[in-house]
Amino acid sequence: MLGEKIKSAIRDVPGFPKPGIIFKDITPILKDAVLCESITAAFAEKVSELRADVLCGVESRGFLFGMLLAQRLRIPFVPVRKEGKLPYRTLKQAYDLEYGRSTVEMHEDAVLPGQRVLVHDDLLATGGTITAVSEMIGRAGGQVAGYCFLLELGFLNGRARLAPYSENIYSLTVYE
Ligand SMILES: O=P(O)(O)OC[C@H]1O[C@H](OP(=O)(O)OP(=O)(O)O)[C@H](O)[C@@H]1O
Ligand SMILES: Nc1ncnc2[nH]cnc12
């Protein structure tokens, strides 16, 4: 089963980037081209019913499968970046992370009023990042059609924070 294959490819790195965090390293997945293809296909099958107009992928690990999935769905890819990386005028949103504080940004014309947006990241932890992205999409006039993640740290309950934006939340692997 795909969820089990993903779990067995993920490498746990205790103490990174701070003591007390067990970091879920997805880089071994990227070395397995067949697994990457299966992941992209599984995402596409799950989210095609959402009829998204655009996919927002979150820097940096959300770019990896985000662009592959957007291509597969034949919809535009929008990079959501950390502060200070995008060249044109941006919308910004600050947020708390499992291990710090950060700000996300996207170009002000990246999501248009009325567009249905699929949001993708590699991992859902506290949900701080994706909540900030969802707020920013709303400020641009977009509507969150749903979310898809490679893995979810269920014990941090990030899912509960996303429900007000969309209840369509798909994770290929969940750590309870
Ligand atoms: O649900 P949350 O508690 O907000 O945490 C999840 C976020 O943390 C990680 O990104 P990170 O900020 O470490 O950046 P990176 O992808 O560039 O490594 C991960 O890729 C998610 O974006
Ligand atoms: N435990 C974790 N492993 C990898 N990325 C993360 N982002 C937030 N928490 C994380």
Side-chain angles (χ1 to χ4, degrees), residues 3-32 35-36 39-40 42-43 47 54-70 77-87 90-107 110-111 117-139 144 146-176:
E4 290 310 311
K5 282 190 187 154
I6 294 171
K7 261 190 184 151
S8 55
I10 285 167
R11 174 166 56 195
D12 282 0
V13 184
F16 182 88
K18 288 187 176 169
I21 300 290
I22 299 174
F23 192 86
K24 300 288 184 193
D25 177 16
I26 64 160
T27 61
I29 293 174
L30 307 177
K31 290 164 67 182
D32 184 338
L35 181 55
C36 288
I39 288 169
T40 310
F43 274 141
V47 303
V54 55
L55 185 151
C56 282
V58 187
E59 182 176 357
S60 60
R61 286 173 270 152
F63 291 173
L64 300 168
F65 287 99
M67 185 65 202
L68 289 174
L69 179 57
F77 176 80
V78 167
V80 172
R81 299 211 63 181
K82 305 284 165 59
E83 193 170 24
K85 304 280 189 181
L86 287 168
T90 61
L91 294 174
K92 292 183 208 291
Q93 193 85 36
Y95 64 101
D96 291 317
L97 200 61
E98 192 188 1
Y99 38 70
R101 195 163 166 78
S102 194
T103 297
V104 282
E105 275 186 295
M106 69 178 180
H107 280 143
V111 170
V117 184
L118 173 63
V119 183
H120 165 74
D121 205 348
D122 67 321
L123 181 145
L124 175 64
T126 64
T129 308
I130 295 294
T131 302
V133 173
S134 306
E135 281 293 314
M136 196 167 64
I137 288 167
R139 282 169 49 215
V144 178
Y147 301 96
C148 63
F149 305 98
L150 203 50
L151 61 133
E152 176 176 346
L153 304 183
F155 53 91
L156 292 174
N157 219 12
R159 180 173 279 260
R161 295 175 68 179
L162 305 187
Y165 303 97
S166 171
E167 296 201 340
N168 300 316
I169 306 169
Y170 302 119
S171 300
L172 296 181
T173 316
V174 180
Y175 292 82
E176 300 294 350

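For clarity, every value in this text was computed on a predicted model and none was experimentally measured. Every number for a ligand or one of its atoms is a count from 1 in the order of the listing. Note: hydrogens, waters and symmetry copies are ignored here, and every other heavy atom, side chains too, is used.
- Counting heavy atoms under 4.0 Å from ligand 1, residue Thr126 touches it through both backbone and side chain.
- Under the 4.0 angstrom criterion for non-hydrogen atoms, Ser102 is not in contact with ligand 1.
- Looking at Leu123 next to ligand 1, no N or O pair under 3.5 Å apart turns up.
- Residue Arg61 approaches ligand 2 through these ligand atoms, each under 4.0 Å from one of its heavy atoms: 4 (C), 5 (N).
- If you look at Thr129 next to ligand 1, the close heavy atoms, those under 4.0 Å, come from the backbone and the side chain alike.
- At least one side-chain heavy atom of Lys24 sits under 4.5 Å from a side-chain heavy atom of Leu153.
- Only the backbone of Glu59 comes within 4.0 Å of ligand 1, judged by heavy-atom distances.
- Side chain of Glu176 to backbone of Gly154: no donor-acceptor contact under 3.5 angstrom is found.
- Between Asp121 and ligand 1, a contact under 3.5 Å exists for at least one N or O pair.
- Atoms CD1 and CG, on Ile6 and Leu151 in that order, are 8.0 Å from each other to the nearest 0.5 Å.
- No side-chain donor-acceptor contact under 3.5 Å links Lys92 to the backbone of Met136.
- Checked against a 3.5 angstrom limit, the closest N/O atoms of Ala125 and ligand 1 fall inside it.
- Taking every heavy atom of Lys82 and a limit of under 4.0 angstrom, the matching atoms of ligand 1 come to 11 (P), 12 (O), 14 (O), 15 (P), 17 (O).
- Each of the atoms 8 (C), 9 (N) of ligand 2 lies under 4.0 Å from some heavy atom of Ala125.
- Where the criterion is an N or O separation shorter than 3.5 Å, residue side chain and backbone included, Leu123 fails it with respect to ligand 2.
- Contacts between Leu153 and ligand 2, counted as non-hydrogen atom pairs separated by less than 4.0 Å, involve the side chain only.
- The one candidate from Val144, Asn168, Val133, Leu124 that meets the side-chain contact (heavy atoms from CB on, under 4.5 Å) condition with Leu162 is Leu124.
- In this structure, Arg61 contributes its side chain and Leu123 its backbone to no donor-acceptor pair below 3.5 Å.
- No side-chain heavy atom of Tyr95 sits less than 4.5 Å from a side-chain heavy atom of Ile130.
- Closest heavy-atom contact between Ala125 and Leu156: O-CB, 3.5 Å.
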